[in-house]
K.L.:
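Once you've had a glance at the structure underneath, I'll fire off some questions.
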Amino acid sequence: MIAAAAAALLLAAVPRPDWVDGMPAAFPRERWIVAVGSADDRGSAEARARAGVSAFFESRLAAAMRVHEAEGRAAATQTQVAGPFALEARAELRVASLSAEQEVTALTARLLEGVEIAGAWTDPAGRVFALAVLDRARAVEVLRRRIAEVDGDVGALGARLATEQRPFARARVA
């Protein structure tokens, strides 16, 4: 009982950090990407803070890197009878599809290697808050390197696609 009261008194003595409610002064927006996570335990709060940094990249890169192609096949036959003659017409439709959203996930995972937990704070009610930070310069370096890799891959696939004539094989390359 005395230990619990002492812990509550100690928590009340620690002031609420500025980052719990907004942008932390120690990590200016021009240099850092920050996110705050909260939970009933520190591990979950840290995971949520890291997910907040991850969401920053996923929402911005998904639109830039989303690739969608489709392939399917549909056929229809129509027969018309006019007296002793029957006329049959056949139509076929081919469509190709492929998605490249996985690229965003891989990129986000690489960026998260640089995310650090800069602080944690527990409020008097026992709720834990964690601050995750990522240096923008490091994130830009990783993004540039990854974009160069993707550009190389796209160039090689584009060359293969240009030489392939069969529709289904083209879809697989795409």
Side-chain angles (χ1 to χ4, degrees), residues 3-72 95-158 160-161 171-174:
L9 185 59
L10 183 60
L11 284 174
V14 176
R16 185 178 181 97
D18 62 348
W19 52 262
V20 172
D21 298 311
M23 193 67 192
F27 298 97
R29 185 178 314 272
E30 302 80 37
R31 177 148 183 242
W32 300 93
I33 296 167
V34 300
V36 175
S38 65
D40 293 332
D41 63 274
R42 184 169 177 151
S44 297
E46 289 180 5
R48 289 180 179 173
R50 282 188 173 95
V53 172
S54 170
F56 175 85
F57 290 100
E58 287 180 2
S59 64
R60 282 158 182 80
L61 292 176
M65 300 186 74
R66 190 166 301 192
V67 175
H68 181 76
E69 290 195 22
E71 180 170 339
V95 181
S97 176
L98 179 68
S99 178
E101 291 179 24
Q102 183 177 7
E103 198 64 49
V104 175
T105 304
L107 178 57
T108 303
R110 266 196 203 166
L111 284 167
L112 289 180
E113 290 173 7
V115 174
E116 298 176 25
I117 299 300
W121 178 75
T122 305
D123 71 8
R127 187 85 176 156
V128 180
F129 294 83
L131 172 66
V133 299
L134 175 64
D135 186 324
R136 284 183 183 268
R138 183 190 184 310
V140 167
E141 172 193 328
V142 172
L143 280 169
R144 283 190 178 134
R145 192 172 51 242
R146 187 63 188 134
I147 287 170
E149 290 172 14
V150 170
D151 283 348
D153 293 345
V154 167
L157 288 172
R160 281 183 55 201
L161 187 60
R172 279 193 293 276
V173 171

K.L.:
Please give me the minimum heavy-atom distance between Arg50 and Val115, naming the atom from each residue.
P.N.:
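Taking Arg50 first and Val115 second, the nearest heavy atoms are CG-CG1, 3.9 Å.
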K.L.:
Could you report the tightest heavy-atom contact between Trp19 and Phe129, atom names first, then the distance?
P.N.:
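Smallest heavy-atom distance, with atoms named: CH2-O, 3.4 Å.
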K.L.:
Once side-chain hydrogen bond (donor to acceptor under 3.5 Å, both in side chains) is applied, do any residues pair with Arg42, and if so which ones, sequence neighbours excluded?
P.N.:
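Checked Arg42 against side-chain hydrogen bond (donor to acceptor under 3.5 Å, both in side chains); matches are Glu46.
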K.L.:
As a test of understanding, state which of Val36, Asp18, Val133 forms a side-chain contact (heavy atoms from CB on, under 4.5 Å) with Pro24.
P.N.:
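Testing Pro24 for a side-chain contact (heavy atoms from CB on, under 4.5 Å) against Val36, Asp18, Val133 leaves exactly one candidate, Asp18.
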K.L.:
List in chain and number order the residues that pass side chain to side chain contact (heavy atoms under 4.5 Å, CB included) with Ala45, two or more places apart in sequence or in another chain; answer none if no residue qualifies.
P.N.:
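Partners of Ala45 by the side chain to side chain contact (heavy atoms under 4.5 Å, CB included) criterion, ordered by chain and then number, come out as Ala39, Val128, Ala130.
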K.L.:
Taking only distance into account, with no hydrogens and no angle test, what donor-acceptor pairs under 3.5 Å do side-chain atoms of residues 26-35 form with protein atoms, sequence neighbours excluded?
P.N.:
unit_1: Arg31; atom_1: NH2; unit_2: Asp135; atom_2: OD2; d: 3.1

K.L.:
What's the verdict on side chain to side chain contact (heavy atoms under 4.5 Å, CB included) for Asp40 and Arg127, showing C-alpha distance, side-chain angles and the deciding distance?
P.N.:
CA-CA 5 Å; Asp40 293 332; Arg127 187 85 176 156; 3.1 Å; yes
